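Keep in mind that the numbers below use all heavy atoms, side chains included, and drop hydrogens, waters and symmetry copies. Counting starts at 1 for both ligands and their atoms, in listed order. Since the structure is predicted, the reported quantities are computational estimates derived from the model, not experimental observations.
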Amino acid sequence: MHTLLNAPCFVGCNRAILKALANALLEECRQNQCGYENLAQWCGALQARYEALLAPPFKKVYNATGVLLSTNLGRAPLESGALRELEILSGYVDLEVDLERAMRFERAFQAQNLLKALFNAPDALILNNNASALVLVASVFAPKSKRKQTLLSYGQLVEIGGGFRAHELLESVTHLKLVGSTNKTYLRDYKNACSDASALLASVHWSNFSMQGFVASVPSKSLFALAQEKGLVLYEDLGSVQSLEHTKKALKSAHLLSFSADKLLGSVQAGIVLGEREHIEAMRAHPLYRAFRVDKITLFLLTKSLQGYLQGQKTPLQAFLEQDKDVLLNKALKLHRALSQIAGLKAFVIPTQARIGGGVQMEDLESFGVQIQANIDSKALYHALYKRGVAGVVRSDCVVLDVCALFEKDFFAITHFVQEILKSP
Ligand SMILES: *Cc1c(COP(=O)(O)O)cnc(C)c1O
């Protein structure tokens, strides 16, 4: 150990951290009954672990998958102007004070006002993510501790992605009373299930799932009327904004609704709850709100996105979504032209189907991609590209780079990577 830690390559390294890493490495080797042959190899292994700790938090990804929103690629890209302004956080800011009156102040006041204005909502609440919204709504209006019950249709027991199931989250804080059947749920199912324990009527959007054929569900309007008649709270988990207009309309037939800010809204990770003042106020007053509130970085970026909406600016996601067929074809031709310069590479422009992803329901987008082939195996090419942050797809034994979610300014870098791989895969 002593010899290892005192090796010349570790001069200037943090000793305590190095020692902890070395211990973990030795322990692993002991357990797996493996080891390294010489000091140089031990040094190499330890150095790799030390350097991994100091690597940048994120590496850039060139999204050539044709999927605009993926949770594993960080969902929506953010507006660069807003990110530059984040610099203000290198000092102190008036997060919770009113400078005019030298008084304490609610941190999300401005963002909430923007949400109220944009969505024509009586009140708004901002949480860490939409999952927090599900938990907080059920905790406030139908808590298990008070033996309260939430009605939910069997048809909405859906897994969304990454193993996320809204009903499992709800179940952790409320008693779920399931109604109807998988394919058909009628108003009378909800009616018959109502009891003194019932307090919340929840509706969860299908997101990336659809059901066809012999199906029936209850329109929000009828559910809202029932909720009002029975004195229940109707909460709709929209998953994502579909459009501002759609969300405004949904708000008219629910006491509360929620969605993610980093899906179609195209902003940072946050959960937005809109609804009636007394309901939002009750949520704000619940101790769990403190656990779900957002930090200053989120609040800053969300506020900037909402201001962008107010001023008619497009989010980067919207800009991608509004690319028409001509724009996409031109983009593909540009990438094709750049890639065609590479010796030993065959490149073709092909039509593709891009998708919104992120559990948002929307028709596929007619897009284009550049299909590339070289004298290395397509899987090998795919992996070599992936390692450099270029995420494409393998289709019929070729790598396809869909241009829908690529930025043109990155074409040069992508071309460079392909060139590099063909030189030494
Ligand atoms: C995506 C989604 C969620 C989870 O939202 P997060 O912001 O990722 O927590 C919840 N419900 C529905 C219907 C969704 O589509």
Student: Got a sec, which residues hit ring-ring contact (aromatic ring centres under 6.0 Å, His included) with His336, two or more places apart in sequence or on another chain?
Tutor: none
Student: Would you call Glu79 and Lys304 a salt bridge, taking side-chain N to carboxylate O under 4.0 Å as the test?
Tutor: no
Student: Determine, using ring centers only, whether His279 and Phe141 are less than 6.0 Å apart.
Tutor: yes
Student: Between Phe320 and Phe407 (judged by ring centroids, cut-off 6.0 Å), do the two rings come close enough to count as a pair?
Tutor: yes
Student: Could you check whether any side-chain heavy atom of Leu18 comes within less than 4.5 Å of a side-chain heavy atom of Asn14, counting everything from C-beta outward?
Tutor: no
Student: What short N/O contacts, under 3.5 Å, does ligand 1 make with the protein, listed by atom pair and distance?
Tutor:
residue  : atom   : partner : partner atom : Å
ligand 1 : 5 (O)  : Ser260  : OG           : 3.1
ligand 1 : 7 (O)  : Asn130  : N            : 2.9
ligand 1 : 7 (O)  : Ser260  : OG           : 2.6
ligand 1 : 8 (O)  : Arg75   : NH1          : 3.1
ligand 1 : 8 (O)  : Arg75   : NH2          : 2.9
ligand 1 : 9 (O)  : Asn130  : N            : 3.3
ligand 1 : 9 (O)  : Ala131  : N            : 2.9
ligand 1 : 11 (N) : Asp237  : OD1          : 3.4
ligand 1 : 11 (N) : Asp237  : OD2          : 2.6
ligand 1 : 15 (O) : Ser207  : OG           : 2.5
ligand 1 : 15 (O) : Lys263  : NZ           : 2.8

Student: Is any side-chain N of the basic residue among Arg284 and Glu281 closer than 4.0 Å to the acidic one's carboxylate O?
Tutor: yes
